[in-house]
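Structure record follows, encoded as structure tokens.
Only heavy atoms go into these numbers, but all of them, side chains included; no hydrogens, no water, no symmetry mates. Each chain gets a letter, A, B and so on, in the order its sequence line appears, and its residues count up from 1.
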Amino acid sequence: MALAKKDILDLASLSTEEIQLILDTAENMREISERPIKKVPTLRGRTVILFFYEPSTRTKLSFDIAAKRLSADSLSISTAMSSLVKGETLLDTARNLEAMKPDVVVLRHAYSGAPHFLARHLKAAVINAGDGTHGHPTQGLLDMLTIRQHKGKLDGLHVAIIGDIAHSRVARSNCEGLTKMGARVVLAGPPTMMPKGIESLGVTVAKSVDSAIEGADVIMMLRIQKERQKSFLMSTEREYARCFGLNAQRVARADKDVVIMHPGPINRGVEIAPDVADGPYSLILDQVTNGVAVRMALLYLVSGGSRNADTD
Amino acid sequence: MPILIKGARVIDPGHLDDIRDVLISKGRIEAVQPVGTLAAEGDGVREIEARGLWLTPGLVDMHVHFREPGQEYKETILSGAQAAVAGGFTAVCTMPNTKPVNDDETVTAMILSKAAQAGLVRVFPVAAISKGLKGEQLCEFGELKAAGAVGVSDDGNPVINGQLMRRALEYASGFGLRVISHCEDRGLADGGVMNEGPRATRMGLAGIPNACESVMVMRDIALSKATGVPVHIAHVSTAESVSAIRRAKADGIAATAETAPHYFTLTDEAVEGYNTHAKMNPPLRSEADRQAIRDGLADGTLDAIATDHAPHSVMEKEVEFDRAANGIIGLETSLALGLQLVRDGVLDITTLIERMACAPARIMGFECGVRPGLVADLTLIDPLKEWTVDSRNLKSKSRNTPFDGWRLMGRAVMTMVDGQIAYQIV
């Protein structure tokens with residue numbers, strides 16, 4: 001089985017079978033990173049461009065490692081060195097990239113829909129590495145992989161996502177992916193950060209953080225950005241931590257086998273108490289490890305998948 | 001040479017709806033008579049056979065952006081005029097957000113001189129309320145009026161300061177200038193790029209709530225009441241604004257309002273796929289809003305249909321959605337989209353012509369009608385002509401329309417301005 005579309009732009013456009021395939025493939029890929037020689041020749045001769053219009057350390061590194069472990073030639077462009085600073089439009093940049101015949105373009109962009117725009121103009125596969133507040137599908141997939149790894153399933157799980165839903169592409173991708181895979185997603189956070197009509201994604205909005213967490217199998221905390229004070233979305237970090245942050249008392253309301261996740265980078269002491277972030281139920285670093293596996297799986301699948309199976 | 005338009009159905013709202021022969025001479029309507037009763041005066045009369053066609057007062061678009069001076073690559077007064085007459089319009093009001101801004105009599109005079117050179121359509125400049133559209137200092141309304149401005153507006157920008165709006169209404173009333181208000185609370189807009197709601201949430205685009213428009217509509221109604229000066233509300237897009245205007249009219253407040261074809265035709269669904277040709281300000285709204293706009297047009301709460309014709313080149317539109325410029329062109333599709341309202345049973349044809357010609361003319365103080373003695377600004381419409389919008393073949397310099405490829409019915413087959421044929425489909 002292969003993916004139906006050339007690009008990975010969001011999880012809404014993937015079928016449950018495709019998500020299953022990606023997660024299963026990632027499961028296999030994880031083993032490669034455990035080897036002493038962490039490299040297979042699968043994507044030898046393929047060119048992967050990492051195009052990051054927005055600062056990112058973790059995601060870019062994760063994609064870069066994933067490409068290199070599959071023997072693809074990966075190279076990265078970031079805003080500072082790109083022609084954007086010289087006033088080139090995304091369309092012109094896309095045309096120039098196209099002329100260099102890349103196989104995969106991984107795009108991180110501050111504006112929602114930029115990967116869709118690029119995908120329309122490129123023959124290469126486009127993977128969305130985070131666009132504005134729209135989506136971060138590879139994060140959603142790595143979160144699902146991590147949950148599945150620890151819970152053995154996604155179907156029927158109660159997942160609480162807490163924080164600034166309105167500005168979180170991670171939350172949107174997780175809502176799309178998890179509901180598609182049968183999980184029950186409950187959101188909570190300050191009402192100022194709850195976007196209008198989010199229920200249309202098949203999720204429910206809880207009245208309080210405590211009620212969202214009640215009996216949860218998974219708690220996913222979102223990063224809170226201090227800049228949000230400027231648009232009157234929150235009062236102070238102090239109050240945020242008290243009313244919406246995750247601490248040990250709140251964790252106690254969840255299922256006894258609860259796992260705790262965070263897409264990072266974390267603000268210790270704001271949305272998550274340090275002892276919770278470092279606690280035994282925290283999967284924050286597992287997420288990072290799985291990120292490489294998921295991105296390896298995606299690079300492999302968008303490059304033709306089983307047609308080029310060569311993982312040994 | 002005099003022109004005899006023979007056998008058209010003459011639709012002159014409030015005056016006539018019947019088959020007539022119409023004789024035009026020396027820029028004026030000379031006679032409107034039952035078919036065959038006007039004796040053709042020999043070879044000196046050009047006859048136009050118009051059976052099956054509708055002859056209406058010239059359509060008036062009271063809200064267009066021609067980009068001259070300053071952004072001639074998007075539209076010039078000439079290309080805008082060509083688009084206008086191709087759409088059946090005989091008069092347009094041009095908004096002041098040119099570069100430089102039309103906040104000075106020399107800019108007004110320049111626009112009028114270019115319009116005279118183009119010679120196709122009547123161009124009525126709307127000048128700025130505040131210098132540079134900055135909301136800080138009143139423009140010289142007296143001089144602008146003397147130079148030919150018919151109204152004032154900071155269109156594109158809202159007048160944020162309530163006192164400035166109040167004074168603008170008062171000051172404009174002394175010069176007989178119509179004040180047109182772009183209603184938007186910039187704080188509530190907060191950088192939004194589409195209608196707030198489930199679709200914006202799913203697409204990760206910042207939303208603009210309905211209240212962003214309606215709170216300012218309500219303010220301007222209150223100021224109109226306080227000053228006793230009429231205010232005209234531009235491009236109404238929300239149900240809440242329609243109700244506020246309906247209440248104001250019932251209370252006897254002299255508020256008038258317009259909406260645009262895209263607000264009664266499309267919803268924010270058109271934004272799907274990050275379609276920048278569906279990005280405008282105010283944004284396309286929900287289905288409930290679209291219905292409310294249609295109801296507002298039907299009961300007269302919304303007096304006029306105006307296009308907010310806003311040409312942009314691919315440079316402003318073939319970009320990321322957040323970065324794309326607001327606005328679409330509308331002059332050449334407006335009539336056909338209006339006629340769809342008639343086929344949908346929202347308006348009768350007389351009311352449509354009222355909304356597209358007589359009401360805007362009345363609001364801006366122009367004459368309008370198909371009656372002897374009036375200026376011969378006329379539109380001849382083939383209501384059954386089917387055509388496909390092809391953005392490459394439009395007269396406008398720009399291509400930014402969400403209606404590209406749409407199959408539409410009805411269009412202007414001849415546009416007459418001042419007794420001269422400004423546009424004709426052969």
Legend entry - Heavy-atom contact with chain B under 4.5 Å, split by part of A:H167: neither
Inset, instruction - Pick one of side chain, backbone, both or neither for A:F117, based on which atoms fall under 4.5 Å of a heavy atom in chain B. - result: side chain
Inset, instruction - Identify the residues of residues 64-78 of chain B whose heavy atoms come closer than 4.5 Å to a heavy atom of chain A, ordered by number, or report 'none'. - result: none
Legend entry - Close side-chain approach of A:I165 to A:V205, heavy-atom, < 4.5 Å: no
Legend entry - Test item: B:D154 side-chain N/O and B:V159 main-chain N/O as donor-acceptor pair under 3.5 Å: no
Legend entry - Over-ring placement of A:R108 relative to A:F52, 6.0 Å and 45° cut-offs: no
Legend entry - Within-4.5 Å side-chain heavy-atom neighbours: A:I224 and A:E237: no
Inset, instruction - Ignoring hydrogens and angles, tell me if any N or O in the side chain of A:K6 forms a donor-acceptor pair with the backbone of A:A124 under 3.5 Å. - result: yes
Inset, instruction - Could you tell me whether a side-chain N or O of A:E271 sits under 3.5 Å from a main-chain N or O of A:M221, the two making a donor and an acceptor? - result: no
Legend entry - SB check A:R169 A:E54 (cutoff 4.0 Å): yes
Legend entry - Interface residues of residues 193-202 of chain A facing chain B - heavy atom cut-off under 4.5 Å: A:P195, A:K196, A:G197, A:I198, A:S200, A:L201
Legend entry - residues 273-296 of chain B: residues contacting chain A (heavy atom under 4.5 Å, by number): B:G273, B:Y274
Legend entry - Validation row: B:M165, B:S181 side chains within 4.5 angstrom (heavy atoms): yes
Legend entry - Main-chain N/O of B:V346 paired to B:D344 side chain as donor or acceptor, under 3.5 Å: no
Legend entry - Donor-acceptor pair, side chain of A:E239 and main chain of A:T236, under 3.5 angstrom: no
Inset, instruction - Would you please classify the geometry between the B:W406 ring and the B:F403 ring as parallel, tilted or perpendicular, with 30° and 60° separating the classes? - result: perpendicular
Inset, instruction - Using atom types as modelled and distance alone, determine if a side-chain donor or acceptor of A:S173 lies under 3.5 Å from a backbone N or O of A:V170. - result: no
Inset, instruction - Check each atom of A:R172 against the heavy atoms of chain B and say whether the ones under 4.5 Å are side chain, backbone, both or neither. - result: side chain
Legend entry - Salt-bridge contact A:E98-A:K123 (side-chain N to carboxylate O under 4.0 Å): yes
Legend entry - Validation row: A:T138, A:F63 side chains within 4.5 angstrom (heavy atoms): yes
Inset, instruction - Can you check whether anything in residues 197-215 of chain B gets within less than 4.5 Å of chain A, heavy-atom wise, and list it by number? - result: B:G197, B:P198, B:T201, B:R202, B:M203, B:G204, B:L205
Legend entry - Any donor-acceptor pair under 3.5 Å from B:E258 side chain to B:H235 backbone: yes
Legend entry - B:R399 vs B:S391, side chain to side chain donor-acceptor pair (under 3.5 Å): CA-CA, chis, key distance, verdict: CA-CA 5 Å; B:R399 308 275 166 264; B:S391 65; 5.2 Å; no
Legend entry - Close side-chain approach of B:F321 and B:V271, heavy atoms under 4.5 Å: yes
Inset, instruction - Could you pull out the closest heavy-atom pair between B:A257 and B:I245, with the gap in Å? - result: CB-CD1, 3.7 Å
